[in-house]
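To start, the structure under review is shown below, and the notes come after it.
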Amino acid sequence: MGTFFAIVLVFVGCCSNVVSLELLVREFPGCGNIVTFAQFLFIALEGFIFETNFGRKKPAIPVSNYVIMVTMFFTVSVINNYALNFNIAMPLHMIFRSGSLIANMILGIIILKKRYSASKYLSIALVSAGIFICTIMSAKQVNVANEGTEEQGFYVFMHWLIGIAMLTFALLMSARMGIFQETLYKKYGKHSKEALFYNHCLPLPGFLLLSTNIYKHCVLFSQSTPVVVPVVGLTMPVMWFYLLINVITQYVCIRGVFILTTECASLTVTLVVTLRKFLSLIFSIIYFQNPFTLWHWVGTAVVFLGTLLYTEVWSSVQTALRGPAVKDKKAE
């Protein structure tokens, strides 16, 4: 029951979160900072009440280590959201972030001196190829959609390249944070809920640097069209309503993944999250009518094929299918 409940939370929470984020970004492409701040504030308040017991519970992992982790986590979150300001379409944003396996493997080889099987290297090559195809096709769309003077076209393309560079940096930083978190857990034990709280609480003062942008979007959100909130019956600006949905669904998504990691093997978690990303991508393309060519579909298929190969899903399925046959032979 716990596993099924967690899977429902992941699919409902994460997919709804992507939809609400796109509704926000389509209206105000530069609203990434206020979205990130709202998410951090909500999760930090929840953790302060229920995890730290209003600050009375001491952390199991030294706060100095959390400061390092939080610096990386804050940087990754802000850059990922801010990249949407640079002509990065939501489908490309999702596909690019699916390339975390590449970054994890590269840094694992460099920092942890890990070695992988041939199938792992093949899977990473597939993921890289898929992201490359989607990125190149998106670059062509940027050029076509912004036909004008040569100077204008060059400016728009360079603007888009900055967004790609930001996503790449965030991908590598996220992988480095994962390795650092892995070493902490080996040393002090797993304290996922505690890490979730500190990862969202400690960065809050950093948003003071973004206060001007956040205040600007607060004003813009307040000026948006009023809408009646279902069930409650209250009237509020539609952008604040979208933000509220985004914050709640983000929390549901994170909680679902956390429960899943305690109930299932890492393979199952990866498979569920990968499938969730794929469904979010399909919904974004169909519902929001995002431009997606045949080559985009090819690139997407290659990315997810590589991801599934990396998690050795097919080998696990074969083993599961062989299981009953092996037992029958032993019984004979």
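The shortest distance between side-chain heavy atoms of Pro62 and Tyr188 falls below 4.5 Å. A 4.5 Å side-chain heavy-atom check between His217 and Asn33 finds every atom pair outside the cut-off. Annotation: side chain of Thr36 is in contact with side chain of Phe207 (closest heavy-atom distance under 4.5 Å).
Looking at residues two or more places apart in sequence or on another chain, you find no side chain to side chain donor-acceptor pair (under 3.5 Å) involving Glu27. With sequence neighbours left out, the side chain to side chain donor-acceptor pair (under 3.5 Å) criterion links Ser222 to Trp240. Looking at residues two or more places apart in sequence or on another chain, you find a side-chain contact (heavy atoms from CB on, under 4.5 Å) between Leu23 and Val19, Tyr242, Phe288.
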Could you tabulate the donor-acceptor pairs under 3.5 Å formed by side-chain atoms of residues 38-46, not counting sequence neighbours?
| unit_1 | atom_1 | unit_2 | atom_2 | d |
| --- | --- | --- | --- | --- |
| Gln39 | NE2 | Asn246 | OD1 | 2.7 |
| Glu46 | OE2 | Tyr251 | OH | 2.9 |

Which donor-acceptor pairs under 3.5 Å do side chains of residues 165-180 form with protein atoms, sequence neighbours excluded?
| unit_1 | atom_1 | unit_2 | atom_2 | d |
| --- | --- | --- | --- | --- |
| Thr168 | OG1 | Ile164 | O | 2.9 |

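In terms of modelled atom types and a separation under 3.5 Å, the side chain of Asn199 and the main chain of Ala195 share a donor-acceptor contact. Under a 3.5 Å cut-off, the side chain of Glu194 and the backbone N or O of Glu51 do not form any donor-acceptor pair.
Cluster annotation: Met69 and Leu204 are assigned to the same hydrophobic cluster (Ile/Leu/Val/Met/Phe/Trp/Tyr, side-chain heavy-atom contacts under 4.5 Å, transitive).
Gln250 pairs with exactly one of Ile254, Val252, Ile248 by the side chain to side chain contact (heavy atoms under 4.5 Å, CB included) rule, that one being Ile254.
Of all heavy-atom pairs between Val238 and Val227, the closest is CA-CG1, 3.6 Å.
Annotation: side-chain hydrogen bond (donor to acceptor under 3.5 Å, both in side chains) contacts involving residues 223-236, sequence neighbours excluded, are absent.
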